[in-house]
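Please read the structure below before turning to the comments.
All chains are named by letter (A, B, ...) in the order of the sequence lines, taking the proteins before the strands, and each is independently numbered beginning at 1.
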Amino acid sequence: MKSKENDERVARMRHSTSHIMAEAVQCLFPEAKFGIGPMIEKGFYYDFDLPRALAPDDLPAIENRMREIIHQDVPFVTERIAKEKARKLFAAQPYKLELIDEISDSTATIYRQGSFTDLCRGPHLASTGEVKAFKLTHVAGAYWRGDEKRPMLQRIYGVAFAGQKELDDYLSLQAEAAKRDHRKLGKELGLFSIHEEIGPGLVCWHPKGALIRQIIEDFWRAEHRKRGYDIVYTPHIAKIDLWKTSGHLEFYRDYLFPPMEIEGQQYMLKPMNCLAHILIYKSQLRSYRNLPLRYAELGTVYRYERTGVLYGLARVRGFTQDDAHIFCRPDQVEEEVTEVLNLAQFMMSSFGFGEYELLLSTRPEKYAGTVSMWEEATGALKHVLEKLDSHYEVDPGEGVFYGPKIDIKLKDAVGHVWQGPTIQVDFNLPQRFDVCYIGEDGLEHNVVMIHRTVLGSMERFLACLVEHYGGAFPVWLSPVQATIVPIADRHVGYAHEIESVFRNDGIRVRVDDRSERMNLKIREAELEKVPYMLVVGDKEMASSSVSLRLRSGENLGSESVPQVKSRIMAAIEAKS
RNA sequence: GCCAGCGUAGCUCAGGGGUAGAGCAACGGUUUCGUAAACCGUCGGUCGUCGGUUCGAAUCCGACCGCUGGCUCCA
């Protein structure tokens, strides 16, 4: 209860801090026009229409003015006034006038502190002096009311906390997150690169990144075969008519790379894999006894994303989905969805993700199929979630046009949320492509298709793994699992002997046989985040042992070669 | 796509109207070392691209390309 009160106080404080910032901006830019200034997670923002662009250097000046206002400890005063009066009060503020027009009540609330008055529902602190710790973080452009067609305002973001300690904790968590940025670590660890010469959003996987990907893919394939999936491969381009039939050409034109012409025919790069899977399904007549059929593919797709949205590996133009399509009877949907959720949870826990959120997205405004089909499918998804006793939230109207879906959002070690597995029920494509089975009654019935991924895409999943582990991958995923460090050149022979022992058991081991000092070799292995460092010198040679150091810096001392080997093998087996 | 900032050696970055700098890396040598950087030397850049201003542009201006932070979007 106490923490709830506290949360409420902090929320109020964040909102009040945005008003204080607005007052400071008004002092520095008397001609400023004001948008809105709500509180957000960890802080607040305020949108302004200003005579010139803000530079990062402007923030300290605004912060200083804010501190003065806080120091003066001026009260927040609220007043309820008639809308007419409010219109006069905000006559010079076009954005505020627009907001006033939208108030359904005949009155409006205003809040005043010092020389600044804002249209605001509140609530606020009693006075500005109650703001304890804040910092302005960055400026950004933001469309008025989030609408691309309306003017772009300048938004200042800030964070605010109940005390200096909480602010410092937040800032150091941010610094930690920046260290884990997959774009930075991807370069440092030699995992991948993106080249201007190739094109934005197009990824080159370097040997180490590719190795991690192969391990993930092998694991993924084996697990899918175990669970009754058939693995398929399909072409990367297809004739344009296929996309016309599916509806993608009209619904998702903006996301398709332009067609290419071959022998007078137009071909498209595939933006998804499902159509080819449908054609495989339709290559023969299917009986109700054959269902469900589950086709899985690590399918590479290309989607044109606007340049501004590209982001490292997390948002790219060419990526490989761990895709599958389940063709089943309506009465099988529930069981299939249950199995997919089980698989997704198994995958997440195998990769070390303990925390996730489940979201059920329901029928959007624009939809295919009938309301009763939607209700049935949504009910089935809901029932599965409840049966599994899963905590989930409903995201109303956020389903795909062809059916409802369940999304799983992963939380990584620094609290970032990633789009992970997704399960989508589809009524549209089975109709458009006439995807049927022969039922017990001898008649044709449409199948239900379930589109699903359990990792998302290889690219985004690697990004997520890198940030979750800060580059220090669990042993089974580490590109190099052990580095052998000979102390002097005379130990190199022994080092290579041990190397072959480990290598025979499939351990990814490497000898650092350069004529460098041990300290340098250890430092570089640390920076590479190699889980085990095996130091060998005179003592170890004499006793057929190695000295074991972990990347945590822990020195475990001498151990026999078989001991170390079984220790590493056990860690690989445990996926730790 | 939009707003703002940025783009200098392989990497991290300094400089800023008068002709290019550091550390690390690379290369050559010396050193053979006990748990996170040995020492000496050498090489390396039409300062993102194209155009303009200027006696002179890496520096100022414009366009384009790319990156960063947001906005919008994300089947």
Side-chain angles (χ1 to χ4, degrees), chain A residues 45 47 49-50 52-58 137-157 178 181 183-184 187-188 190 194-201 243 246-248 251-256 271-274 301 303-312 314-317 321 323 361 364 368 398-403 405 407 419 422 424 426 428-429 451 453 460 485-492 514-528 533-540 547-551 553-558:
Chain A
Y45 67 77
D47 290 343
D49 194 343
L50 300 175
R52 67 166 174 86
L54 286 171
D57 308 343
D58 291 319
T137 52
H138 53 279
V139 291
Y143 299 108
W144 169 236
R145 319 225 77 183
D147 185 341
E148 269 185 283
K149 291 174 193 72
R150 311 196 69 174
M152 185 162 265
L153 308 180
Q154 299 191 63
R155 176 172 298 177
I156 304 178
Y157 284 92
D181 190 318
R183 295 165 302 181
K184 177 173 130 68
K187 189 188 276 186
E188 287 173 7
I194 295 171
H195 302 264
E196 195 173 337
E197 298 90 323
I198 294 175
W243 314 109
S246 70
H248 286 91
F251 277 100
Y252 304 116
R253 177 174 295 265
D254 293 346
Y255 293 94
L256 300 171
M272 24 84 97
N273 306 299
C274 39
V301 298
R303 298 177 186 178
Y304 169 74
E305 300 280 1
R306 303 205 277 180
T307 51
V309 309
L310 299 173
Y311 179 79
R315 190 84 181 271
V316 289
R317 285 181 173 164
Q321 293 180 301
D323 208 358
S361 300
E398 285 303 304
V400 194
F401 79 95
Y402 52 66
K405 64 172 178 173
D407 282 326
Q419 172 62 54
T422 166
Q424 304 171 347
D426 182 353
N428 177 53
L429 289 178
H451 307 243
T453 66
R460 180 175 293 179
V485 177
I487 289 177
D489 289 349
R490 65 176 178 281
H491 308 122
V492 166
R514 296 172 300 167
S515 295
E516 290 289 352
R517 293 176 71 223
M518 176 196 64
N519 287 301
L520 181 81
K521 297 178 187 179
I522 287 177
R523 175 181 156 81
E524 292 187 355
E526 285 284 353
L527 292 174
E528 240 186 282
M533 281 156 260
L534 316 181
V535 178
V536 297
D538 292 334
K539 275 191 296 188
E540 288 73 19
S547 174
L548 185 61
R549 179 193 163 106
L550 306 180
R551 62 186 159 194
E554 201 178 347
N555 186 352
L556 299 180
S558 254

Let's see if you can work this out: which of [options] has an atom nearest to the side-chain heavy atoms of [X]?
X      : options                : value
A/A140 : B/rU35, B/rA36, B/rG70 : B/rG70
A/H248 : B/rG1, B/rA75, B/rG34  : B/rA75
A/T307 : B/rG1, B/rG70, B/rA37  : B/rG1
A/Y143 : B/rC3, B/rC71, B/rG69  : B/rC71

Side chain to side chain donor-acceptor pair (under 3.5 Å) partners of A/R549, counting only residues at least two apart:
A/E526
Ignoring hydrogens and angles, are the base of B/rC74 and the side chain of A/R315 linked by a donor-acceptor pair under 3.5 Å?
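Yes, a donor-acceptor pair under 3.5 Å.
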Heavy-atom check, side chain of A/V301 versus side chain of A/Q321, under 4.5 Å:
yes
For A/Y311, which residues count as a ring pair (Phe, Tyr, Trp, His ring centres under 6.0 Å) partner, sequence neighbours excluded?
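For A/Y311 the ring pair (Phe, Tyr, Trp, His ring centres under 6.0 Å) partners, ignoring immediate neighbours, are A/H182.
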Check the distance between B/rU68's P and A/K184's NZ and give it to me in whole angstrom.
14 Å
Specify the separation, in whole Å, of atom CZ of A/R52 and atom C1' of B/rC3.
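After rounding, the gap between these two atoms is 15 Å.
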What stem regions, each of at least 3 consecutive Watson-Crick or G-U pairs below 3.5 Å, can be found for RNA chain B?
B:1-7 with B:65-71, B:10-13 with B:21-24, B:26-30 with B:38-42, B:48-52 with B:60-64
For nucleotides 25-33 of chain B, print each protein N/O atom paired with a nucleotide N/O atom at under 3.5 Å, atom names and distance only.
{"unit_1": "B/rU32", "atom_1": "O2", "unit_2": "A/D489", "atom_2": "N", "d": "3.0"}
{"unit_1": "B/rU32", "atom_1": "N3", "unit_2": "A/D489", "atom_2": "OD1", "d": "3.3"}
{"unit_1": "B/rU32", "atom_1": "N3", "unit_2": "A/D489", "atom_2": "OD2", "d": "2.6"}
{"unit_1": "B/rU32", "atom_1": "O4", "unit_2": "A/D489", "atom_2": "OD2", "d": "2.8"}
{"unit_1": "B/rU32", "atom_1": "O4", "unit_2": "A/S515", "atom_2": "OG", "d": "3.1"}
{"unit_1": "B/rC33", "atom_1": "OP2", "unit_2": "A/R490", "atom_2": "NH1", "d": "3.2"}
{"unit_1": "B/rC33", "atom_1": "OP2", "unit_2": "A/R490", "atom_2": "NH2", "d": "3.2"}

With sugar-phosphate meaning primed atoms plus P, OP1 and OP2, does A/V400 contact a base, only sugar-phosphate, or nothing at under 4.0 Å between heavy atoms?
sugar-phosphate
Mark up nucleotides 4-12 of chain B, 5' to 3', with B wherever a protein heavy atom is under 4.0 angstrom from a base atom, S wherever such an atom reaches only the sugar-phosphate, and - elsewhere.
S------SS
Give a yes/no answer on whether the side chain of A/Y45 brings an N or O atom under 4.0 Å of OP1 or OP2 in B/rC71.
no
So, is A/R549 close to the B/rA36 phosphate, meaning a side-chain N or O under 4.0 Å from OP1 or OP2?
yes
Contacts of A/E196 that satisfy side-chain contact (heavy atoms from CB on, under 4.5 Å) - sequence neighbours left out
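Listed in chain order: nothing, the list is empty.
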Where the side chain of A/R155 meets the backbone of A/A140, is there a donor-acceptor pair that is under 3.5 Å apart?
no
Would you confirm whether A/R315, through its side chain, and A/L310, through its main-chain N or O, come within 3.5 Å as a donor-acceptor pair?
no
Please report the C-alpha distance between A/R183 and A/D181 in whole Å, then the side-chain angles of each, then the deciding distance to 0.1 Å, and finally whether the salt bridge (charged side-chain N to carboxylate O under 4.0 Å, His left out) criterion is met.
CA-CA 5 Å; A/R183 295 165 302 181; A/D181 190 318; 2.5 Å; yes
Closest-nucleotide 5' rank along RNA chain B - winner of A/R306 and A/L153
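It is A/L153, whose closest nucleotide lies nearer the 5' terminus.
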On RNA chain B, does the nearest nucleotide to A/D147 precede the nearest nucleotide to A/Y304 from the 5' side, or the other way round? Give the residue.
A/Y304
